[in-house]
There are 2 protein chains.
Amino acid sequence: MDSTMRFSALEKRIPDVTQKMLAQHLRELENQGIVTRTIHPSVPPKVEYSLSEYGRTLVPVLQSMCDWGRNHNRLGGDMSVRQMQS
Amino acid sequence: MDSTMRFSALEKRIPDVTQKMLAQHLRELENQGIVTRTIHPSVPPKVEYSLSEYGRTLVPVLQSMCDWGRNHNRLGGDMSVRQMQS
DNA sequence: CGGTATCCGTGCGGATACTG
DNA sequence: CAGTATCCGCACGGATACCG
C-alpha cells in the first residue's frame with residue numbers, strides 16, 4: 001500500500017503463490033489501472049510495482065478488510081465459539 | 001445487512017445467480033457462522049436468512065466496499081480516464 | 001417453496017520448460 | 001530477474017431432474 005515492490009519481493013511475501021498467478025494478477029491490476037508497473041532498463045532487469053493514484057482509493061477498503069482479519073484470525077477454528085471481539 | 005430475507009427474495013436481488021450457487025454459498029456462510037438460517041415449519045416451507053451477530057462484524061467491511069463501488073461504478077469503462085473522485 | 005442429486009463441459013491454475 | 005508458452009488434470013459451476 002505504501003512502498004513499491006519488485007516481482008521477486010512480492011513472490012516472497014505471498015506464500016505459495018506461483019509465478020504464473022502472480023504475473024497474471026499483476027497484469028490484470030495493471031490493466032485495471034490499479035497498479036503501476038515501472039521497468040528499469042538494466043541488467044539484470046528490474047521491475048517495480050506500486051499502487052497507482054487510482055489504486056490508492058482502495059486503501060480504506062483494504063484497511064477495513066485487514067482490520068477485520070486481525071480481529072478474527074481464528075484460521076478456520078471452531079465456529080461454535082466464534083463471536084464478536086472487543 | 002439489516003433485514004432477513006427468504007431464499008427466493010435473495011434469488012431476485014442477485015441477478016443471474018443459479019439456485020445451486022445461492023444454496024451453496026448460503027450453506028457455507030451458515031457453516032462459517034456468518035449467516036443464520038431459520039426454518040419456519042409451514043406449508044409451503046419458509047426459510048429466512050439473516051446476518052448473525054458474528055456476521056454483523058463484517059458490516060463495516062461491506063460498507064467500505066459498497067461505498068467504493070458507488071464512487072467508481074464505471075462498469076469496466078475506459079481505464080485511461082479512471083481517476084479519484086471527490 | 002427451497003432445496004438436493006447427478007451429469008457434464010470448460011476454464012482455471014499447477015508444473016515444467018524456455019527466454020530477453 | 002522477470003517473465004511467457006505449453007500442456008494437462010480436475011474441480012467449479014451450469015443445466016436438468018427430482019423431492020419433502
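Just so it is clear, the model here is predicted, and its values are computed rather than measured.
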Looking at [N], I'd like to know if its phosphate oxygens (OP1 or OP2) sit under 4.0 Å from a side-chain N or O belonging to [X].
X       : N     : result
A:Tyr49 : D:dC1 : no
B:Ser8  : C:dC1 : no
B:Arg6  : C:dG2 : yes
A:Arg27 : D:dG3 : yes

(request) Establish, from distance only, whether the side-chain atoms of A:Ser50 and A:Thr4 form a donor-acceptor pair under 3.5 Å. (result) no

(request) Working to the nearest 0.5 Å, report the span between CG of A:Leu29 and CD of A:Gln24. (result) 11.0 Å

(message) Nearest heavy atom decides the nucleotide; on that basis, is A:Pro45 or A:His25 closer to the 5' end of DNA chain C?
(response) A:His25

Tell me the interatomic distance from [X], atom [atom1], to [N], atom [atom2], rounded to whole angstroms.
X       : N      : atom1 : atom2 : answer
A:Lys20 : C:dG11 : NZ    : P     : 14 Å
B:Ile39 : D:dG20 : CD1   : P     : 16 Å
A:Gln24 : C:dG13 : CD    : P     : 6 Å
A:Met5  : D:dC1  : CE    : C1'   : 15 Å
A:Glu48 : D:dA2  : CD    : P     : 9 Å
A:Leu22 : D:dA2  : CG    : C1'   : 10 Å
B:Lys46 : D:dG20 : NZ    : C1'   : 19 Å
A:Met21 : C:dG13 : CE    : P     : 5 Å

(request) List the atom of B:Val35, the atom of B:Tyr49, and the distance in Å for their closest heavy-atom pair. (result) CG1-CD2, 3.8 Å

(message) Under 4.0 Å, counting only non-hydrogen atoms across every strand here, what does B:Gln19 touch: a base, just sugar-phosphate, or nothing?
(response) base

(request) Report the C-alpha separation of B:Arg27 and B:Glu30 in whole Å, then their side-chain angles, then the decisive distance to 0.1 Å, and conclude whether the salt bridge (Lys or Arg N to Asp or Glu O under 4.0 Å) test is met. (result) CA-CA 5 Å; B:Arg27 202 64 67 239; B:Glu30 187 191 359; 3.3 Å; yes

(message) I want to check something: taking the side chain as every heavy atom from C-beta on, are B:Ile14 and B:Leu22 in contact at a cut-off of under 4.5 Å?
(response) yes

